[in-house]
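Residues take their numbers from the sequence shown, with the count starting at 1.
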Amino acid sequence: MTNISPLHDISIRAFASDNYSGVHPEILDALTAANQGHQVAYGEDVYTAKLREVLSTHFGSQMRAFPVFNGTGANVTALQSLLPRWGAVICASTAHINVDENGAPERIGGMKLLQIPAADGKLTPELIDQEAWGWGDEHRAQPLAVSITQSTELGTLYTVEEITAIAEHCHKHGMLLHMDGARLGNAAAALGVGMGAMTTDAGVDILSLGGTKNGMMYGECIVSLNPEASPGLDYLRKMNMQLASKMRFISAQFVTLYEDDLWLRSASHANAMAQRLRAAVEKIDGVELTQPTESNAVFARLPAGVADRLRSSFRFYDWDQATGEVRWMCTFDTSEADVDAFTEAIAREVAADPDAPGTLPAG
């Protein structure tokens, strides 16, 4: 047996993204178990059949599940299934489909995105109405779907009541509702409700269900909650190069994540570490928290130069370079010791900043 050693320094911890974490040990065990023997390819395996059974307990017996490789593929393919070629999607200007998918919805999906500024990342029926007009006007891309993200890119959460109001508003105007649920588990854990309550029961038509950000190695899943609204997904998934030949390895991960409470344990822990991080940095003069911490994200503004010095030890991303706003993400394997070491480093670097509050000028 080959002795394989890691190529990276395993002591380095990051707060940049929940994609930086490794794979949950229970997921690795599931992959090992699925790796034995042969199984039918392209989704005709027992693991994908089991996945449909497991997800029906969360989202209802009417749902259909389509495992895919990644979140961009899930979002683009799901939205394509809702729209004719002249259709447009209303979304928040901060939405992942608008700012982080390199034009894939437009170029691959062939749809126009109608973006709306939302200070907290959340759409409302009133905000949606800014772009929900022009039906029948041949000069305007037709707004036929709305996409919301739960939790949002700013870490904020839609309540069940807010999602229900949006769904009712969409349907009243003949539009369909898509949810980007890359961090749906974090939202459900924070709100103390089931995933079905925020999706099927609230009137969402189609869901991009996350796995990678909650401990999987790779893979997401399109969950058609209203199959009549999203025909052709079998064909669209293949056309968009999202049909895995060895699908059992995606499905086995999802089964392990969602069959019992692994998804909830992992998401709850990530949320708790974000709360611990927020509570600690709130006490540091010179750090300004810029968004509520409702899931596993903390947004803050740092004095100039502090972020770059911190990144020599802890990786994280700028959210708005112009204002000094940064984003810190916690994940299933973020430990209390990780948070404490990070906040100690923040306090140390802010105190070293000559412009920080309470710092004496250099003599």
State the [atom1]-[atom2] distance between [X] and [Y], to the nearest 0.5 angstrom.
| X | Y | atom1 | atom2 | answer |
| --- | --- | --- | --- | --- |
| Asp318 | Thr323 | CG | OG1 | 9.0 Å |
| Leu289 | Glu325 | CG | CD | 10.0 Å |
| Leu31 | Met216 | CG | CE | 8.5 Å |
| Arg248 | His38 | CZ | NE2 | 7.5 Å |
| Gln150 | Asp180 | CD | CG | 10.5 Å |
| Thr77 | Arg237 | OG1 | CZ | 9.5 Å |

Check: [Y] and [X] side chains under 4.5 Å, non-hydrogen atoms:
| X | Y | result |
| --- | --- | --- |
| Thr331 | Tyr20 | no |
| Gln62 | Thr200 | yes |
| Phe59 | Thr199 | yes |
| Ser266 | His24 | yes |
| Glu106 | Met111 | no |
| Ile27 | Leu257 | yes |
| Leu225 | Ile206 | no |
| Ile166 | Pro125 | yes |

Quick one: do [X] and [Y] make a salt bridge, cutoff under 4.0 Å?
| X | Y | value |
| --- | --- | --- |
| Arg327 | Glu153 | no |
| Glu282 | Arg278 | yes |
| Glu131 | Lys112 | no |
| Glu349 | Arg311 | no |
| Lys246 | Asp45 | no |

Looking at [X] and [Y], would you say the former's side chain and the latter's main chain have a donor-acceptor pair under 3.5 Å?
| X | Y | result |
| --- | --- | --- |
| Thr152 | Thr149 | no |
| Ser295 | Gly155 | yes |
| Arg64 | Ile222 | no |
| Asp9 | Ser11 | yes |
| Asn296 | Ala274 | no |
| Arg301 | Thr290 | no |
| Ser268 | Arg265 | no |
| Asp320 | Ala322 | yes |
| Arg140 | Trp133 | yes |
| Thr256 | Ala252 | yes |

Would you please test Phe314 and Trp328 for ring-ring contact (aromatic ring centres under 6.0 Å, His included) and show each step? CA-CA 10 Å; Phe314 297 90; Trp328 299 320; over 10 Å; no
Using the rule given for side-chain contact (heavy atoms from CB on, under 4.5 Å), can you reason through Thr57 versus Tyr258, listing the C-alpha separation, both sets of side-chain angles and the distance that settles it, and then say yes or no? CA-CA 9 Å; Thr57 67; Tyr258 289 113; over 6 Å; no
Testing the 3.5 Å rule here: is there a donor-acceptor pair between the side chains of [X] and [Y]?
| X | Y | value |
| --- | --- | --- |
| Asp338 | Ser335 | yes |
| Asn70 | Glu220 | no |
| Ser224 | Ser230 | yes |
| Thr156 | Asp120 | no |

Report whether [X] and [Y] are members of the same hydrophobic cluster (ILVMFWY, side-chain heavy atoms less than 4.5 Å apart, transitive linking).
| X | Y | result |
| --- | --- | --- |
| Leu51 | Leu243 | no |
| Trp319 | Leu310 | no |
| Phe299 | Leu277 | no |

Could you note down all residue pairs passing salt bridge (charged side-chain N to carboxylate O under 4.0 Å, His left out) where residues 90-100 supplies at least one of them, sequence neighbours left out?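 Of all non-adjacent pairs touching residues 90-100, none passes salt bridge (charged side-chain N to carboxylate O under 4.0 Å, His left out).
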Identify the heavy atoms of [X] and [Y] that sit nearest to each other, and give their distance.
| X | Y | answer |
| --- | --- | --- |
| Ile12 | Ser313 | CG2-O, 4.3 Å |
| Asp333 | Ser21 | OD1-CB, 3.4 Å |
| Ala65 | Leu55 | CB-CD1, 3.9 Å |
| Ala244 | Ile250 | CB-CD1, 3.9 Å |

All N/O donor-acceptor pairs, side-chain side in residues 181-188, below 3.5 Å, sequence neighbours left out:
from	atom 1	to	atom 2	distance (Å)
Arg183	NE	Asp18	OD2	2.8
Arg183	NH2	Asp18	OD1	2.9
Asn186	ND2	Asn271	OD1	3.2

Determine which pairs satisfy ring pair (Phe, Tyr, Trp, His ring centres under 6.0 Å) with at least one residue from residues 149-193, sequence neighbours left out, and list them in order.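 Applying ring pair (Phe, Tyr, Trp, His ring centres under 6.0 Å) to every pair that reaches into residues 149-193, excluding sequence neighbours, yields Trp135-His173, His169-His173.
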